[in-house]
Amino acid sequence: MKRIRASPRSSASQSFFSRVYALVRQVPRGRVVTYGQIARALGAPGAARTVGWAMRGSPASVPWHRVVNARGEISLRPTTGYHEQRARLKAEGVRFDRAGKIDLEKYGWKRV
DNA sequence: CGAATGACCAAGC
DNA sequence: GGCTTGGCCATTC
């Protein structure tokens with residue numbers, strides 16, 4: 001098995017990640033947020049990728065399944081957890097269109 | 001400090 | 001609608 005380079009949480013990188021987790025925990029059930037949205041809320045309007053990296057090591061207490069990309073799609077690969085995320089969202093009442101996308105105008109958290 | 005990485009984003013074709 | 005390219009950023013080694 002391939003070993004990932006130090007999981008985020010196994011290190012003392014709690015500054016940025018912790019804020020990401022704290023924010024994601026605030027996402028109400030049945031709503032979703034985008035990586036970019038989180039990044040901006042944290043004051044790093046371009047760190048969307050970093051947010052994704054943070055989610056990768058997100059604790060079980062974090063509703064990571066409510067985080068999708070700017071297009072309203074699940075960013076995970078089918079082999080990484082796509083199915084699980086989609087199932088969880090569906091269980092919360094989030095709908096997916098034919099292309100497997102979510103209507104951010106409708107389910108987006110604090111949609112602007 | 002430099003190079004590599006990643007669950008991203010916007011723009012182009 | 002789908003694929004490619006370049007750019008951004010924090011973290012890691």
Side-chain angles (χ1 to χ4, degrees):
Chain A
M1 41 195 232
K2 62 177 94 162
R3 195 187 307 219
I4 54 181
R5 282 180 220 335
S7 201
R9 56 178 162 169
S10 66
S11 206
S13 51
Q14 302 165 350
S15 53
F16 194 79
F17 293 161
S18 287
R19 279 169 237 192
V20 174
Y21 303 148
L23 197 67
V24 177
R25 283 200 198 95
Q26 295 175 52
V27 182
R29 190 169 174 283
R31 294 267 146 130
V32 297
V33 279
T34 68
Y35 297 93
Q37 202 176 343
I38 295 174
R40 273 180 226 137
L42 295 178
R49 306 192 74 174
T50 308
V51 173
W53 178 249
M55 297 319 292
R56 182 168 166 271
S58 63
S61 59
V62 177
W64 53 271
H65 57 278
R66 295 188 191 134
V67 184
V68 297
N69 62 29
R71 287 184 184 176
E73 300 175 295
I74 292 176
S75 208
L76 289 168
R77 293 183 185 179
T79 55
T80 318
Y82 175 91
H83 301 297
E84 186 181 343
Q85 177 163 15
R86 179 160 172 163
R88 289 198 182 196
L89 289 175
K90 199 173 178 184
E92 297 189 348
V94 178
R95 283 201 186 186
F96 291 83
D97 64 5
R98 275 194 305 167
K101 297 198 221 167
I102 300 171
D103 184 354
L104 293 179
E105 294 295 312
K106 194 172 180 182
Y107 300 101
W109 182 52
K110 286 186 177 179
R111 54 183 181 185
V112 222

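Just so you know, these numbers come straight off a predicted model, no measurement behind them. Quick note on labels: first sequence line is chain A, next is B, and so on, each numbered from 1. Every heavy atom of this structure was used, including side-chain atoms; hydrogens, water molecules and symmetry mates were not.
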CG on Leu76(A) to CZ on Arg56(A), rounded to 0.5 Å: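 Here the rounded value is 11.5 Å.
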Can you tell me how far [atom2] of [N] sits from [atom1] of [X], to the nearest Å?
| X | N | atom1 | atom2 | value |
| --- | --- | --- | --- | --- |
| Leu23(A) | dA7(B) | CG | C1' | 16 Å |
| Phe16(A) | dT11(C) | CZ | C1' | 10 Å |
| Ile38(A) | dG6(B) | CD1 | C1' | 15 Å |
| Tyr35(A) | dA10(C) | OH | P | 18 Å |
| Gln37(A) | dC9(B) | CD | C1' | 14 Å |
| Glu84(A) | dA7(B) | CD | C1' | 13 Å |
| Ile74(A) | dG6(B) | CD1 | C1' | 18 Å |
| Trp53(A) | dG6(B) | CH2 | P | 6 Å |

Side chain to side chain contact (heavy atoms under 4.5 Å, CB included) involving [X] - partner list, sequence neighbours excluded:
| X | result |
| --- | --- |
| Ala47(A) | Phe16(A), Ala39(A), Ala44(A), Thr50(A) |
| Pro45(A) | Arg40(A) |
| Ala99(A) | Asp97(A), Lys101(A) |

Position toward the 5' end of DNA chain B (nearest nucleotide), Arg40(A) or Thr80(A):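 Looking at the nearest nucleotide for each, Thr80(A) comes out on the 5' side.
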Of Val51(A) and Thr34(A), the one whose closest DNA chain B nucleotide lies more 5':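 Between the two, 5'-proximity favours Val51(A).
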List every contact pair, protein side and nucleotides 6-9 of chain C side both N or O, where the distance is under 3.5 Å.
residue : atom : partner  : partner atom : Å
dG7(C)  : O6   : Arg49(A) : NH1          : 3.1
dC8(C)  : O2   : Gly46(A) : O            : 3.4
dC8(C)  : N4   : Arg49(A) : NH1          : 3.2
dC9(C)  : O4'  : Gly46(A) : O            : 3.2
dC9(C)  : O2   : Thr50(A) : OG1          : 2.7

Qualifying salt bridge (Lys or Arg N to Asp or Glu O under 4.0 Å) pairs, either residue in residues 75-85 of chain A, two or more places apart: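 Only Glu84(A)-Arg88(A) qualify under salt bridge (Lys or Arg N to Asp or Glu O under 4.0 Å).
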Salt bridge (charged side-chain N to carboxylate O under 4.0 Å, His left out) partners of Arg49(A), counting only residues at least two apart: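 Listed in chain order: nothing, the list is empty.
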Residues forming a salt bridge (charged side-chain N to carboxylate O under 4.0 Å, His left out) with Arg25(A), sequence neighbours excluded: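 For Arg25(A), no residue satisfies salt bridge (charged side-chain N to carboxylate O under 4.0 Å, His left out) once neighbours in sequence are set aside.
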Under the side-chain hydrogen bond (donor to acceptor under 3.5 Å, both in side chains) test, residues paired with Glu92(A) that sit two or more places apart: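 Only His65(A), Arg66(A) meet the side-chain hydrogen bond (donor to acceptor under 3.5 Å, both in side chains) criterion with Glu92(A).
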Stepwise side-chain contact (heavy atoms from CB on, under 4.5 Å) check, Ile74(A) with Phe96(A): CA-CA 10 Å; Ile74(A) 292 176; Phe96(A) 291 83; 4.0 Å; yes
Interface with DNA chain B, restricted to residues 90-98 of chain A and to heavy atoms under 4.0 Å: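 The answer is none.
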